[in-house]
Amino acid sequence: MKIMKIISRGLSDTGRKRDHNEDSFLIDEELSLFVVADGMGGHAGGGTASRLAVETIATIMRESWAQEDSPLREDCPIQASRIPSLLRQAVQAACCNIYMASRENPHLAGMGTTTVVLLIHGQHAFFAHVGDSRIYLVRDDFVQQVTEDHSLVNEQLRAGMITAEEALKSRYKNIITRSVGFERSVEVDVMGLVCEPGDTFILCSDGMSNLVHEDDILELAAKGDLDAVTSALVALANERGGDDNITVVAARAL
Ligand code: CA
């Protein structure tokens with residue numbers, strides 16, 4: 001198995017309008033595992049949900065890694081990999097943990113979180129996601145969103161009910177159609193692709209993607225070290241209003 005060297009950085013900022021940060025992120029360099037979660041739900045709910053998501057996914061993946069027959073120790077074609085189903089299982093476990101915690105504590109009732117996960121294994125990048133946090137791939141001179149938002153606005157857009165321009169301004173922009181932990185289980189989208197040296201992946205919450213667009217990401221993420229990339233993306237979202245918590249995780253294959 002050809003191992004690519006992966007470098008990474010993460011940065012989370014409360015933004016300019018909120019008084020606390022309900023986003024969480026995880027960087028596990030040993031596993032090349034990266035997660036961003038954007039929690040929602042009153043009182044302590046949002047922050048608790050996103051933290052539980054990140055912690056549960058980290059635990060499940062580390063437990064798998066500790067086993068000899070782990071999918072994380074296999075070298076096989078992308079189509080045969082068991083990693084997508086492991087990622088799906090990890091997000092499901094997070095969903096169940098958050099749901100159970102919300103049932104046990106009335107202050108946490110109704111909490112949930114978006115979740116995006118990137119795992120780089122050998123030559124392959126695998127993704128799992130729920131909600132409207134995003135993963136972008138920057139390769140050479142193009143940028144592509146590799147996750148598809150589970151949001152009302154995206155459904156309206158796909159159905160041809162609104163235009164892309166209307167979608168950006170929609171007052172329903174914050175309504176997501178899937179959430180980790182709001183119900184006992186959730187449908188998780190998973191996919192994979194073959195990585196190339198130089199690929200940069202950007203995981204972010206909507207506090208970034210609502211204000212920083214693909215051309216900005218291409219300009220800021222393609223070059224420079226990842227400290228500069230994450231700082232510049234967060235700074236640009238703040239410059240443009242910073243109306244929500246902003247979280248950016250960048251991972252680059254060398
Ligand atoms: Ca948000």
Side-chain angles (χ1 to χ4, degrees), residues 10-27 34-57 91 94-95 98 102 108-118 127-136 145-157 167-183 186 188-189 201-214 216-217 220-221 230-250:
L11 188 59
S12 190
D13 189 270
T14 307
R16 292 190 164 170
K17 305 277 168 70
R18 304 284 173 95
D19 58 10
H20 61 297
N21 193 344
E22 300 192 327
D23 290 355
S24 298
F25 74 88
L26 168 83
I27 292 179
F34 310 94
V35 184
V36 167
D38 173 357
M40 62 215 76
H43 304 291
T48 304
S50 70
R51 202 182 62 247
L52 272 174
V54 159
E55 287 171 0
T56 306
I57 291 165
V91 178
C95 189
I98 294 165
S102 77
L108 302 175
M111 68 176 172
T113 185
T114 71
T115 301
V116 281
V117 186
L118 163 66
F127 316 100
H129 96 283
V130 172
D132 66 354
S133 295
R134 292 181 176 176
I135 302 176
Y136 294 93
Q145 183 183 332
V146 295
T147 53
E148 181 164 358
D149 295 352
H150 303 132
S151 68
L152 181 63
V153 164
N154 189 43
E155 284 186 8
Q156 289 175 326
L157 187 64
L168 279 174
K169 293 178 187 149
S170 172
R171 63 195 170 102
Y172 301 118
K173 219 160 53 176
N174 294 328
I175 299 178
I176 60 172
T177 49
R178 292 189 213 173
S179 146
V180 177
F182 188 69
E183 290 174 317
V186 68
V188 184
D189 286 0
F201 296 94
I202 305 289
L203 289 72
C204 66
S205 59
D206 65 342
M208 188 203 96
S209 56
N210 281 337
L211 296 169
V212 175
H213 306 121
E214 291 191 358
D216 304 311
I217 295 170
L220 296 173
T230 49
S231 307
L233 290 168
V234 169
L236 186 58
N238 270 324
E239 251 169 56
R240 291 181 178 166
D243 55 6
D244 195 359
N245 305 145
I246 306 156
T247 301
V248 179
V249 170

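Heavy atoms only: backbone and side chains are in, while hydrogens, waters and symmetry mates are out. Just so you know, ligand 1 is whichever comes first in the structure, and atom 1 is the first atom listed for that ligand.
- The nearest N/O/S atom of Asp244 to the Ca ion (ligand 1) is OD2.
- For the Ca ion (ligand 1), the nearest N, O or S atom contributed by Asp38 is named OD2.
- Comment: Asp149 does not engage Arg178 in a salt bridge, judged by the lack of any side-chain N to carboxylate O separation of less than 4.0 angstrom.
- Closest N/O/S atom of Asp206 to the Ca ion (ligand 1): OD1.
- Gln145 places a side-chain heavy atom less than 4.5 Å from the side chain of Glu214.
- When each of Thr230, Thr247, Asn245 is tested with Ser12 by the rule side-chain hydrogen bond (donor to acceptor under 3.5 Å, both in side chains), just one qualifies, namely Thr247.
- Because the distance cut-off is set at 3.0 Å, Asp23 fails to qualify as a neighbour of the Ca ion (ligand 1), as none of its N, O or S atoms comes that close.
- With respect to the salt-bridge test (charged N to carboxylate O, under 4.0 angstrom), the residues Asp244 and Arg18 qualify.
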